[in-house]
Amino acid sequence: TKEDFQMKFPKIAMAVTAVSLAFAPIVATAGSQEMAMKYAIGNMDNLKWVPFGDGGPPMAMLWGDMQSGPHAFLLKVPPGFQNKPHSHDADYRLIVLEGSGKHIVEGESMENADVITEGGYWFQPGGQVHTDANAGDKEALVLVIVDGPFTYHPAK
């Protein structure tokens, strides 16, 4: 509804700005690949939500291709969700649009990790073991921007 949009507009504007800043280095270096991209627009009502991986939280692709290069997606993270320690090959950025989250790198504890609230973000370098969790009692909506193909390597 119009009222919902007006309430969420500041969050949306903040996310668009953050996405622009976070994605700019990829666009600047990607060259002809970005030149081939076509204009696109979308609404939350039209997104296709599918399970992330094997039965994970719902995700919706925004742009790019997870298999071959830079991409972005939204993820709905249920309360109490925590993934297992893992790493990815590519760097990624995550922005909390609704709810809250925790991001824990190897050597840190869940109990001592900062809570990242709406509008907060983290940058995760590729190759570093980490885990993520929904820190609140309501579903979190996050934007994930990945610099390359998506990979997932469970920690040993």
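Predicted model, so just to flag it, every value in this text is computed and none were measured. Below, all heavy atoms of this structure are taken into account, side chains as well, without hydrogens, waters or symmetry copies.
- Remark: the backbone N or O of D45 is not paired with any side-chain donor or acceptor of N43 at under 3.5 angstrom.
- Remark: I116 CD1 to S100 OG distance equals 8.5 Å, nearest 0.5 Å.
- Interatomic distance, K102 NZ to E111 CD, rounded to the nearest 0.5 Å: 7.0 Å.
- If you chain together ILVMFWY residues whose side-chain heavy atoms come under 4.5 Å of each other, V115 ends up in a group of its own.
- Remark: the H103 side chain and the D132 side chain contain an N/O donor-acceptor pair separated by less than 3.5 Å.
- With sequence neighbours excluded, no residue forms a side-chain hydrogen bond (donor to acceptor under 3.5 Å, both in side chains) with D114.
- With sequence neighbours excluded, no residue forms a ring pair (Phe, Tyr, Trp, His ring centres under 6.0 Å) with F123.
- Annotation: ring pair (Phe, Tyr, Trp, His ring centres under 6.0 Å) contacts of Y121 (sequence neighbours excluded): none.
- Using the six-membered ring where Trp is involved, H88 and F150 have ring planes that are tilted, between 30° and 60° apart.
- Placement of F73 and V50 within a single hydrophobic cluster is found when ILVMFWY residues are connected by side-chain heavy-atom separations under 4.5 Å, directly or transitively.
- Under the rule for a side-chain hydrogen bond (donor to acceptor under 3.5 Å, both in side chains), the partners of N112 that lie at least two apart in sequence or sit in another chain are S109.
- E108 CD: more than 12 foreign heavy atoms inside a 6.0 Å radius.
- Here the CG atom belonging to L143 is positioned 5.5 Å from the CG atom belonging to L97, to the nearest 0.5 angstrom.
- The side-chain hydrogen bond (donor to acceptor under 3.5 Å, both in side chains) search around Q128 returns Q124, not counting sequence neighbours.
- Taking all atoms of both residues into account, the shortest heavy-atom contact from P149 to Q67 is CB-O, 3.5 Å.
- Between the CD1 atom of I95 and the CG atom of L74 there is a distance of 10.0 Å, given to the nearest 0.5 Å.
- In this structure, D91 contributes its side chain and G126 its backbone to a donor-acceptor pair below 3.5 Å.
- For F81, there are no ring pair (Phe, Tyr, Trp, His ring centres under 6.0 Å) partners at least two apart in sequence or on another chain.
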Would H86 and H130 satisfy side chain to side chain contact (heavy atoms under 4.5 Å, CB included), going step by step from the backbone distance to the final call? CA-CA 6 Å; H86 64 280; H130 62 280; 3.1 Å; yes

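- Residues satisfying the side chain to side chain contact (heavy atoms under 4.5 Å, CB included) test with V142, not counting sequence neighbours, are L75, V77, L94, V96, V144.
- Using a distance-only test at 3.5 Å, with no hydrogens or angles considered, no donor-acceptor pair links the side chain of D147 to the main chain of A90.
- Judged as a ring pair (Phe, Tyr, Trp, His ring centres under 6.0 Å), and not counting sequence neighbours, H153 has no contacts.
- With sequence neighbours left out, S87 forms a side-chain hydrogen bond (donor to acceptor under 3.5 Å, both in side chains) with no residue at all.
- For F52 and Y152, the ring centers are positioned 6.0 Å apart or more.
- Judged purely by atom type and a 3.5 angstrom limit, E118 uses its side chain to pair as donor or acceptor with the backbone of G99.
- The side chain to side chain contact (heavy atoms under 4.5 Å, CB included) search around P85 returns V129, A155, not counting sequence neighbours.
- Grouped by direct or indirect side-chain proximity (heavy atoms under 4.5 Å, Ile/Leu/Val/Met/Phe/Trp/Tyr only), M110 sits with I104.
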